[in-house]
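None of the values given here were measured: they were computed from a predicted structure. All ligand and atom numbering here is 1-based and tracks the order in the structure.
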Amino acid sequence: MRTTITRAKKIRGAVQLPGDKSISHRLGMLGGIAEGKTIIDNFATSQDCHSTLSCLRLLGTPIEIMHGTQISIRGKGLEGLTASKEVLDAGNSGSTIRMLSGILSGQSFVTRISGDDSLCQRPMKRIITPLTQMGAKIHARKGNFPPLSIEGGALQAIQYSLPVASAQLKSAILLAGLFAEGETEVIEPSPTRNHTEVALKEFGVEVNIRENRIALRGRQRIHAIHTEVPGDISSAAFFIAAATLLPDSEIILQGVGLNPGRRAIVDLLQKMGASIETLDQLQRGGEPAGDLRIRSATLKGGKISGEQIPQVIDEIPILAVLATQTHEGLEIRDAEELRVKESDRIKSLVENLRAMGATVEEFEDGMFVAGRQSLRGSLINSYGDHRIAMAFAIAGLLAQGETVIEGGECAAVSFPEFFETLSRLTVR
Ligand code: S3P
């Protein structure tokens with residue numbers, strides 16, 4: 001499907017964002033292995049999170065969608081999941097396949113899990129290595145790619161230093177650790193989002209955190225809860241960028257998750273000169289949240305690298321677009337992980353920015369996007385990557401002429417309401 005975007009004057013209005021994708025995956029999975037009925041309010045509308053729910057259903061977990069985005073999960077406890085005759089389908093979702101593999105490693109049956117073409121190109125060795133050390137037997141295409149076949153069994157706890165700063169990898173090991181004998185400990189090279197740790201605690205699991213070490217004892221009981229998911233800050237980022245860049249804009253984003261491992265996009269833009277105010281500090285399901293007011297501002301630009309990268313990893317597509325409008329441009333380094341996301345995001349960004357007439361230099365681990373550039377409308381290849389489609393929809397609001405996004409419907413992977421919300425806020 002082709003989606004056409006034209007230049008906008010400004011954006012205005014208030015939005016309640018759908019539930020956070022990262023948090024919803026974790027709450028769904030833990031709900032499935034908890035004892036009792038878990039109710040989750042504002043569960044993500046994202047297709048990825050619904051892939052997680054479909055997989056859990058195939059493993060014998062009854063899940064009901066109640067009113068709109070409230071869901072209820074009848075948890076099966078640590079021992080209660082059952083084998084699926086069908087191959088589980090994780091769709092486009094790296095979080096589903098990687099984190100669920102941790103749970104599947106603790107089961108006394110074999111599970112096959114796969115996904116779409118993009119997911120089948122993404123590396124799984126990073127989870128296969130530690131889960132195999134714990135006792136699971138995992139087969140993968142070329143030892144690295146989905147489909148996976150996971151033969152679970154009695155697991156042993158491990159102590160594991162992550163070779164990449166990945167929250168999905170950390171979470172896979174911690175979830176497997178719930179089924180293991182002894183204490184599992186994960187050591188992070190640099191901080192990543194801690195939603196798994198927060199969610200585990202909400203479900204009554206004792207988790208010990210000392211600096212960059214996260215440990216939990218296996219075989220603890222997981223108690224069902226009633227909880228609520230905050231709005232997705234990674235979805236918010238597209239509107240934060242649009243309101244910042246389009247003159248005379250003002251928007252309010254309600255109930256946005258502001259977890260310290262995710263709010264770096266807000267802090268970074270504020271440092272560059274953005275006008276983002278937190279109006280209310282709230283708590284949603286153990287996670288900090290708040291209402292944000294964003295007004296237009298001019299941005300300096302600069303450089304992001306090193307430990308900053310995992311903190312803004314999902315926001316780099318919109319940051320690269322936004323960089324074209326800064327004073328000094330933006331250099332992005334140490335971001336080679338972008339090459340193994342839903343698309344090779346370095347290539348997708350560089351090609352599409354160039355198609356819009358922007359000057360960009362590509363590096364193996366990032367790019368430099370020059371500032372003060374005018375964009376011209378163009379045909380954009382989304383590469384089936386939701387965040388590329390949404391980032392270039394925002395670029396289209398700034399560009400002269402028409403921008404056509406090829407495959408724009410993939411926005412539904414994280415944010416099905418994106419284009420509708422954007423057109424409601426846009427003033428032309
Ligand atoms: C996620 C972690 C990140 C992020 C992804 C969601 C999570 O991936 O890019 O969109 O929910 O834990 P990695 O763990 O591969 O860095």
A.B. asks: Other residues, nucleotides and ligands only: do more than 12 of their heavy atoms fall within 6.0 Å of CG on Asp117?
C.D. replies: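 Atom CG in Asp117 is not crowded, with 12 or fewer foreign heavy atoms closer than 6.0 Å.
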
A.B. asks: Does a donor on one side chain and an acceptor on the other come within less than 3.5 Å for Thr52 and Thr96?
C.D. replies: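 Yes.
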
A.B. asks: Specify the protein heavy atom at minimum distance from atom 14 (O) of ligand 1: its residue, its atom name, and the distance to 0.1 Å.
C.D. replies: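 Answer for atom 14 (O) of ligand 1: Ser166 OG, 2.6 Å.
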
A.B. asks: When you measure from atom 8 (O) of ligand 1 to every protein heavy atom, which one gives the shortest distance, and what is it?
C.D. replies: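 For atom 8 (O) of ligand 1, the nearest protein heavy atom is Lys341 NZ, 3.1 Å.
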
A.B. asks: Atom 10 (O) of ligand 1: which protein heavy atom is closest, and how many Å away?
C.D. replies: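 Residue, atom and distance for the closest contact: Asp314 OD2, 2.9 Å.
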
A.B. asks: Are Met390 and Phe238 side-chain neighbours, meaning at least one heavy-atom pair lies under 4.5 Å?
C.D. replies: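 Yes, close enough: below the 4.5 Å cut-off.
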
A.B. asks: Using a 4.0 Å cut-off to any heavy atom of Ser22, which atoms of ligand 1 qualify?
C.D. replies: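 With Ser22 as reference, the close atoms of ligand 1 come out as 6 (C), 7 (C), 11 (O).
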
A.B. asks: Would you check if there is a donor-acceptor pair between the side chains of Ser234 and Glu315 at a distance under 3.5 Å?
C.D. replies: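 Judged by distance alone, the side chains do pair up.
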
A.B. asks: Can you tell me which portion of Ser95 lies within the under-4.0 Å heavy-atom range of ligand 1? Options are side chain, backbone, both, or neither.
C.D. replies: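 The answer is the side chain of Ser95.
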
A.B. asks: So is Arg98 close enough to ligand 1, meaning a heavy atom under 4.0 angstrom away?
C.D. replies: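 Flag set, Arg98 near ligand 1.
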
A.B. asks: Heavy atoms only, cut-off 4.0 Å: how does Arg193 contact ligand 1, side chain, backbone, both, or neither?
C.D. replies: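 Answer for Arg193: side chain.
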
A.B. asks: Which of the atoms of ligand 1 are close to Ala167, meaning less than 4.0 Å from one of its heavy atoms?
C.D. replies: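 Result: 12 (O), 14 (O).
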
A.B. asks: Taking 4.0 angstrom as the limit and counting only heavy atoms of Ile313, give me the atoms of ligand 1 inside it, by number and element.
C.D. replies: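 Under 4.0 Å from Ile313, ligand 1 has these atoms: 9 (O).
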
A.B. asks: Counting from 1, what ligand 1 atoms have a heavy atom of Arg26 closer than 4.0 Å?
C.D. replies: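 Close to Arg26: 7 (C), 11 (O), 12 (O).
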
A.B. asks: For the backbone of Glu307 and the side chain of Gln311, can you confirm whether one donor and one acceptor N or O come within less than 3.5 Å of each other?
C.D. replies: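 Absent.
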
A.B. asks: Can you tell me which residue among Glu79, Glu206, Glu183 is in a salt bridge (charged side-chain N to carboxylate O under 4.0 Å, His left out) with Arg219?
C.D. replies: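 The residue from Glu79, Glu206, Glu183 that satisfies salt bridge (charged side-chain N to carboxylate O under 4.0 Å, His left out) with Arg219 turns out to be Glu79.
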
A.B. asks: Determine whether more than 12 heavy atoms belonging to other residues, nucleotides or ligands lie under 6.0 Å from atom CD of Glu181.
C.D. replies: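 At most 12 heavy atoms, drawn from other residues, nucleotides or ligands, come within 6.0 Å of this atom.
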
A.B. asks: Using heavy atoms and a 4.0 Å limit, tell me yes or no: is His195 in contact with ligand 1?
C.D. replies: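 No, His195 has no heavy atoms under 4.0 Å from ligand 1.
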
A.B. asks: Out of Leu279, Thr278, Leu17, Ile252, which one pairs with Leu292 under the side-chain contact (heavy atoms from CB on, under 4.5 Å) rule?
C.D. replies: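 One option only clears the test, and that one is Thr278.
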
